[in-house]
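Convention: sequence-line order gives letters A, B, ...; per-chain numbering from 1.
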Protein chains: 2
Amino acid sequence: MARRRTTLKDVAREAGVTISTVSRVLNNKTLTVPVTDSTKERVFEAARTLHYMPNRLARGLAAATTQVAGMSFPMTSPLNRADHRDVTFLNLGMLISGVQNVFQASGYELHIFNRLEHDLNPDAPPRRMSLDFIDGLIYVEPNPKYPYFEEVVKAGLPCVLLGENPMEHPVHSVCADDFEEMRQLVSALIRKGHRRIGYLLALLNEPPMDVLKRMEGYCAAHRDAEIDVDYELIRREHVADVPLRDSVTALLSREPSITALLIGRTEVAVDVLGMVQEAGIRVPEDLEIVVVGDDRFFSATQPSLSAMRFDYLRIGAEAAHLLLNAVRGEVDEATSISVPWGFMERESCRLKEFLRTPS
Amino acid sequence: MARRRTTLKDVAREAGVTISTVSRVLNNKTLTVPVTDSTKERVFEAARTLHYMPNRLARGLAAATTQVAGMSFPMTSPLNRADHRDVTFLNLGMLISGVQNVFQASGYELHIFNRLEHDLNPDAPPRRMSLDFIDGLIYVEPNPKYPYFEEVVKAGLPCVLLGENPMEHPVHSVCADDFEEMRQLVSALIRKGHRRIGYLLALLNEPPMDVLKRMEGYCAAHRDAEIDVDYELIRREHVADVPLRDSVTALLSREPSITALLIGRTEVAVDVLGMVQEAGIRVPEDLEIVVVGDDRFFSATQPSLSAMRFDYLRIGAEAAHLLLNAVRGEVDEATSISVPWGFMERESCRLKEFLRTPS
DNA sequence: CTGAAAGCGCTTACAG
DNA sequence: CTGAAAGCGCTTACAG
């Protein structure tokens, strides 16, 4: 039943050589340290018949590398509510695929960690993952205040942050250049002829950096075209005491009327579309709509909603490459990579020909 | 920068004792092997000032246990489409929470593995996770034909399967008793007075076991109440050449009319509700609807949809407990645990008072 | 080309 | 109560 697992020693005995030799041929060190073809054969043969699988713990301990990389993000909400993190989940598959494709090609294995929320019990010591099992970590952290990541970085583990870096500490990171991307988007709308572009901001309690950057991009595009920004067109959605409907109504009643609308949060896009149409405004004839952030339901609305999509597959791949380089020590300073948005052209706004193709 | 990590040896030197002693007090072996309070203090003190963290690789190698358990399921689709696995994703958070709550209480760490699809390249050797890093594995596998799990079980690693066991090999498993649960549900409908209960089956290419069991449960409930089953009321949804609409139409036009409808697949529930209402049938006045499987959108439909919910939080917890017992060798034979469904009562069907409360 | 040996950082009987 | 020592299963200079 629980028969002892075959070790290097077993293989060595079977092949009539030393474990040093077995280790060498099984690890392809045979390039730097030459080995006779015949012994190589014997070793492979022995390993095969004995179903040898190296013990990764021992290997990791001796070689100081596990060939495993980690990826951490919150998969569960503090209240165990299934829908809490759905926004994250929706694109998680793409992100993981992007990462794993790269890792697999490099012989790396991916372990995923659920970063626990401690909101329920802030006094509890933060659960930590054992960093010994991994050579590096990709860290996805929507909450910039979460303290654990900084510890990980300081511990000297190669890390790549997905998103804006909220820390003092320099660290590799991959994210979109929200300023530039929004500027491009708004510029394209202006090139198409729009002069009155409403912008429904996704401001919750505190404005996160990326939203501020987008807002600046919105303004920069106007400045580029020498159009004065009407700040009344930038409406904060979901302010404490202002319901969404009021924000939308205010935006729609502003004169001269807006001809284009940017919706900054995917979750409210369908609702907003409904409110617009209830107000007797035709989309896209009277008003073109672009959502900043894509959702699988946007192709099913009436009309379907055009959206800026974050290319999670590519983001994941870039992060994985960056991490692998960091693990190999091939990159010294903290680098940050910017992945452009993609435009999902649907019925609510045709814009492709006005967008500059990325260089 | 890359300063050497502090090891047991460092702590021992600092505390003026041997590494044996340090190991003992830090691992609370002090119950079986007594240690003076004063040396205990010195050791703790030294460990604290040196920020000692045990190397888990070394510990794992020496102790033959890593205090880490794994959980594996497909998070990515073969085509990297974000929406492919959304059904899984939707409840993943609950499942993970259930597992992790239990693990955490036992000092176990959870590593999550994305089981890769090999549909894209079936010739590629299956990517395998290194079993050396984990003491046990919870395996979630929607595809009963996937061969890898059997290897894992044979390798002697303690395993718990989430779902039906498709293998010959006996293995611990946690799932719902689909036969009994469906029987209870239909019995409740019958107790409420329904005699004509439509059942839209979720049959894709091949009928999976759980759907067959549910169908038997449906029939058993009728038998219990001495009602003849009208097999025309059991419609296969989404058969190759029969569109959903036709199945629904056929179901609704069957005489005498159905007064209750079971929808077997969450994905089509909203569509079916729409078709029913287009046909001029009022829900729930003319027709009560229950979906087998819950979805976060069901509370937003008009009327909101009642549903049987799989209790993923509890399923996860049961699986974790079972795995922990298996790791400890406290459970010998393959046990399978059945977790009951829960009823989410909403507007489309009031049924709570007719359901037997679980004993 | 191959082997003997030290070492990775721990745990755990076994002595004392 | 504490220590010396063997061992977990590997890797990797260092000899030969």
Hits for side-chain contact (heavy atoms from CB on, under 4.5 Å) against Glu41(B), two or more places apart or cross-chain, chain-then-number order -> none
Under a 4.0 Å heavy-atom criterion, DNA chain C is touched by chain B from dG9(C) to dA13(C)
side-chain hydrogen bond (donor to acceptor under 3.5 Å, both in side chains) filter on Asp132(B), not counting sequence neighbours, yields Arg5(A)
For residues 10-24 of chain A, please give each side-chain donor-acceptor pair under 3.5 Å, one per line with the distance, not counting sequence neighbours.
residue  : atom : partner  : partner atom : Å
Asp10(A) : OD1  : Arg4(A)  : NH2          : 3.2
Asp10(A) : OD2  : Arg4(A)  : NH2          : 3.4
Asp10(A) : OD2  : Thr7(A)  : N            : 2.7
Ser23(A) : OG   : Asn27(A) : ND2          : 3.4

Output field dot_bracket for DNA chain C (Watson-Crick or G-U, both distances under 3.5 Å, | for other-strand pairs) contains |||.||||||||.|||
Glu330(A) meets the side-chain contact (heavy atoms from CB on, under 4.5 Å) criterion, sequence neighbours left out, with Asn325(A), Arg328(A)
For residues 58-68 of chain A, the salt bridge (charged side-chain N to carboxylate O under 4.0 Å, His left out) pairs (sequence neighbours left out) are none
Residues at least two apart in sequence or cross-chain that pass ring-ring contact (aromatic ring centres under 6.0 Å, His included) with His111(B), listed by chain then number, are His111(A), Phe113(A), Phe133(A)
Across all chains, not counting sequence neighbours, the side-chain contact (heavy atoms from CB on, under 4.5 Å) partners of Ser336(B) are Ser173(B)
Contact check, residues 14-26 of chain A vs DNA chain D, heavy-atom distance under 4.0 Å, returns Ile19(A), Ser20(A), Ser23(A), Arg24(A)
ring-ring contact (aromatic ring centres under 6.0 Å, His included) filter on Phe103(B), not counting sequence neighbours, yields none
Ala58(A) meets the side-chain contact (heavy atoms from CB on, under 4.5 Å) criterion, sequence neighbours left out, with Asn55(A), Leu61(B)
